[in-house]
Amino acid sequence: MKPSFFSACGLVAALGATFTSSLALGSESINTAVQADYDHHLGELFVHFHRNPELSMMEFKTAERLAQELRSAGFDVATGIGGTGVIALMENGAGPTIMVRADMDGLPVLEKSGLSYASTATQTDWAGREVPVMHACGHDMHMTSLVGTARYMAANKDAWSGTLMLIGQPAEERIGGAKMMMEDGLWGPYPKPDYALALHVSAELPAGKLAAATDAMYSGADTVDIAITGVAAHGASPHSGIDPVVLGSQIVLALQTLVSRELPPREPGVVTVGSFHAGTKHNIISDAAHLELTVRSEDPKSRQLLLDGIVRIAENMGRVAGLPDDKLPKVTISDESVPPTVNDKVLTERLRSVWQAKLGEDIFEEGKRLGMGAEDFGFFTVDPYIPSTYFAVGGTPAKVIEDAKNGGAPVPSHHSGLFKIEPEASITLGVEATVIALLELFDE
């Protein structure tokens, strides 16, 4: 244990013995130490992060504070990776290299949570507009948990051996920060991890509970645009033109058969047309329409089937409408695609077992993932493949969730101005679960 570290965080000497206990003493002693750290440091740190959010790729002060916290814990820290990314290393003898990631960015959302520490921050966004900014997805909790993990592991170096790598990732909300860090050649100057971990606080999950699927935690996502060329005409004379609104509508409906009739029934997939723009006036048949799609998948073959199907349907519906080949609908697939975040089955089953052993058999909130939300953590783990586990930590008191089910006020969703979590329960469990996982994996 480094005395200067503890004097900096204000912990009394009596807590040192608890903080330096090993996993062999059980999770109760980890919990005691983490709770003490929350009371003396992490709670205030969370409030700081919550009050001072920054937009994606603009997390300059956030990254600076995170780097400062990790340096104070004894880590070697580098900044400016992939823009504002932070990487911290602690080498502690022979053993595996294990990575833990936390995302840093906030959202352009006006906070209406009513919290005493609610964000009143504003920032100039990417288009030059002054916008409100809020941590409306829990990244403040993620960073605070990362710091808590760093402080515990640094104070308990006698309990593990290997290299701990902590990453502060920018721009998760824009699904680009992990890719930007990887494009900076992350696994060149720094060792490629043997394992990778990440967590996300969940407003839908009761505080005190974890969730960790043994397959996909998040889906892959593709952004697709379809530009439709028509032939303009007066609305009273549709026979003299080719209506891109009708053609676009036929494309929208035909796209729905990709999932229902071409994708195998037990393979997940989504094709959603989120935007349809065309025309300027009631009685004018426009000469163009534009569709904007999001496409979700969890398997490379499924992804290709959906993307190929979109091109085939768009082009051939254009032929059905009578368009010549040089004016067929044009499909553009964005290079901002993100791979699915798929948990390594063997690793995740191993960690689920140790979490149940240390935190209780009922620690998990079991259930099916019904949506196909996306995350960019997969950029770190897909190529080259790194066994990883991404888990969720409950963020809302169980009574609030139960009341909502019984007709009470709904639980505010992520990305809402009303979003809020219970910081103490979620942060302490986030740190404790991460520490337990790390000590298990370093013990090889």
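Quantities reported herein were computed from a predicted structural model and do not represent experimental measurements. Heads up: numbering here begins at 1 and tracks the sequence.
- Comment: Arg352 engages Glu366 in a salt bridge, judged by a side-chain N to carboxylate O separation of less than 4.0 angstrom.
- Crowding of Lys192 atom NZ: a count of heavy atoms from other residues, nucleotides or ligands under 6.0 Å exceeding 12.
- Side-chain atoms of Ser416 come within 3.5 Å of backbone atoms of Leu418 as a donor-acceptor pair (strictly under, hydrogens ignored).
- Note on ring orientation: taking the six-membered ring where Trp is involved, the planes of His142 and His200 are perpendicular (angle over 60°, cut-offs 30° and 60°).
- Between Leu164 and Phe75, the closest side-chain pair of non-hydrogen atoms falls below 4.5 Å.
- Looking at His414, its side chain does come within 3.5 Å of a backbone N or O of Ala203 through a donor-acceptor pair.
- To the nearest 0.5 Å, atoms CG (Leu328) and CG (Asn316) are separated by 8.0 Å.
- Salt-bridge check for Glu172 with Arg101: failed, with every basic side-chain N at 4.0 Å or more from each acidic carboxylate O.
- Using a distance-only test at 3.5 Å, with no hydrogens or angles considered, a donor-acceptor pair links the side chain of Trp126 to the main chain of Ser56.
- Although no hydrogens or angles enter the test, the distance criterion places no donor-acceptor pair under 3.5 Å between the side chain of Asp140 and the main chain of Phe46.
- Between the side chain of Arg350 and the backbone N or O of Glu440 there is at least one donor-acceptor pair closer than 3.5 Å.
- Remark: the backbone N or O of His290 is not paired with any side-chain donor or acceptor of His277 at under 3.5 angstrom.
- Ring-centre distance between Phe377 and Tyr218: not below the 6.0 Å cut-off.
- Counting only residues at least two apart or on different chains, the salt bridge (Lys or Arg N to Asp or Glu O under 4.0 Å) pairs with a member in residues 217-245 are Asp222-Arg303.
- Here Lys61 does not pair with Glu54 in a salt bridge; the nearest charged N to carboxylate O distance is not below 4.0 Å.
- Contact check for Met317 versus Pro329: no side-chain heavy atoms found under the 4.5 Å cut-off.
- With hydrogens and angles ignored, the 3.5 Å screen pairs no side-chain donor or acceptor of Gln169 with any backbone N or O of Asp103.
- For the residue pair Thr348 / Thr389, a side-chain donor-acceptor distance below 3.5 Å is found, with atom types taken as modelled.
- Asn156 is not listed as a side-chain neighbour of Leu439, based on a closest heavy-atom distance of 4.5 Å or more.
- With sequence neighbours left out, Asp76 forms a side chain to side chain donor-acceptor pair (under 3.5 Å) with no residue at all.
- Between the side chains of Ser219 and Glu298, at least one donor N or O sits under 3.5 Å from an acceptor N or O.
- The number of heavy-atom neighbours closer than 6.0 Å to CD of Glu424, taken from other residues, nucleotides and ligands shown, is above 12.
- With contacts defined as side-chain heavy-atom distances shorter than 4.5 Å, the pair Pro96/Phe442 qualifies.
- The ring pair (Phe, Tyr, Trp, His ring centres under 6.0 Å) check on Phe380 picks up nothing, with sequence neighbours excluded.
- To the nearest 0.5 Å, atom CG of residue Asn343 and atom OH of residue Tyr390 are 10.0 Å apart.
- Between Arg174 and Met57, some side-chain heavy-atom pair lies under the 4.5 Å cut-off.
- In terms of heavy-atom proximity, Ala73 sits nearest to Arg151 at CB-CG, 4.2 Å.
- Qualifying ring pair (Phe, Tyr, Trp, His ring centres under 6.0 Å) partners for Tyr195, counting only residues two or more places apart in sequence or in other chains: none.
- Put simply, the side chain of Met141 does not reach to within 4.5 Å of the side chain of Phe49, judged on heavy atoms.
- To the nearest 0.5 angstrom, Ile436 atom CD1 is 5.0 Å from Ile30 atom CD1.
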Distance-only check: which donor-acceptor pairs under 3.5 Å involve side-chain atoms of residues 305-313, not counting sequence neighbours?
{"from": "Asp308", "atom 1": "OD1", "to": "Gln304", "atom 2": "NE2", "distance (Å)": "2.9"}
{"from": "Arg312", "atom 1": "NH2", "to": "Glu262", "atom 2": "OE1", "distance (Å)": "3.2"}
{"from": "Arg312", "atom 1": "NH2", "to": "Glu262", "atom 2": "OE2", "distance (Å)": "2.5"}

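- In this structure, Asp184 contributes its side chain and Gly82 its backbone to a donor-acceptor pair below 3.5 Å.
- Counting heavy atoms from C-beta outward, Tyr152 and Thr434 have side chains that stay 4.5 Å or more apart.
- Counting heavy atoms from C-beta on, the side chains of Pro244 and Ile285 come closer than 4.5 Å.
- The main-chain N or O of Ala94 is found under 3.5 Å from a side-chain atom of Ser161 such that the two form a donor-acceptor pair.
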Tabulate below the donor-acceptor pairs under 3.5 Å that side-chain atoms of residues 208-216 make, not counting sequence neighbours, or state none.
{"from": "Lys209", "atom 1": "NZ", "to": "Asp362", "atom 2": "O", "distance (Å)": "2.4"}

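- Using modelled atom types, one side-chain atom of Glu59 and one backbone atom of Ala171 make a donor-acceptor pair closer than 3.5 Å.
- A salt bridge does not link Asp335 to Lys179: none of the charged nitrogens lies less than 4.0 Å from a carboxylate oxygen.
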